[in-house]
Amino acid sequence: MSEDDSNMEEYPTEIHDYLAAFEKSLGSVDEMLKTMMSVSRSELLQKVDPLEQAKLDLVSAYTLNSMFWVYLATQGINPKEHPVKQELERIRTYMNKVKEITDKKKASRLDKGAASRFVKNALWEPNAENEHASKTPSKGKKRQ
């Protein structure tokens with residue numbers, strides 16, 4: 001019997017697809033971590049604006065705490081009863097605040113001057129010439 005056959009007997013065949021997907025996900029995480037670790041943090045932070053720095057810090061903290069959550073679960077500890085749960089909620093709160101700031105920046109701004117000119121020109125305003133013309137008889141009519 002080969003080593004793969006003995007490994008297949010250790011767990012039910014129904015979960016083979018789940019384990020294969022999990023292994024693929026771990027490979028993706030490993031690649032991302034290698035990419036992030038290839039550039040020094042100070043070098044990376046110099047290239048981005050403060051809002052992007054905040055996003056990077058939050059994603060890093062959230063990822064680290066999520067990995068710790070998974071570690072606790074693999075050790076048989078209920079992560080829902082561990083302080084890591086409150087930390088993840090705190091980070092999510094800050095992520096929502098950063099998202100609100102980003103959304104406000106993307107929102108269109110009202111040019112009050114242009115809007116007031118637009119409304120002013122769209123509204124009919126009687127002026128002195130119109131009032132004078134309406135009081136005097138028009139040229140096309142005969143005078144009596």
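Rounding to the nearest 0.5 angstrom, the gap separating the OG atom in Ser38 from the CD atom in Glu43 is 9.0 Å. With rounding to the nearest 0.5 Å, the separation of OH in Tyr62 from CE in Met95 is 7.0 Å.
Judged by distance alone, the side chain of Asp30 and the main-chain N or O of Leu26 form no donor-acceptor pair under 3.5 Å.
When the shell of 6.0 Å around CD of Gln75 is examined, it contains more than 12 heavy atoms from other residues, nucleotides or ligands.
A salt bridge links Lys55 with Glu52; the closest basic N to acidic carboxylate O contact falls under 4.0 Å. Under a 4.0 Å N-O distance rule, the pair Glu31/Lys34 does not qualify as a salt bridge.
Cluster annotation: Val98 and Val59 are assigned to the same hydrophobic cluster (Ile/Leu/Val/Met/Phe/Trp/Tyr, side-chain heavy-atom contacts under 4.5 Å, transitive). Put simply, Leu64 and Leu44 are part of two different groups of oily side chains (I, L, V, M, F, W, Y) that touch within less than 4.5 Å, one to the next.
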If you apply the rule salt bridge (Lys or Arg N to Asp or Glu O under 4.0 Å), what do you find for Lys97 with Glu100, and how did you get there? CA-CA 5 Å; Lys97 288 181 182 181; Glu100 287 175 15; over 6 Å; no
Arg41 and Asp57: CA distance, side-chain angles, deciding distance, salt bridge (Lys or Arg N to Asp or Glu O under 4.0 Å) verdict: CA-CA 10 Å; Arg41 179 171 161 69; Asp57 288 341; 2.7 Å; yes
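In terms of heavy atoms, Lys85 sits closest to Lys80 at CD-O, 3.4 Å. The minimum heavy-atom distance between Ile91 and Leu58, with the atom names listed, is CG2-O, 3.8 Å.
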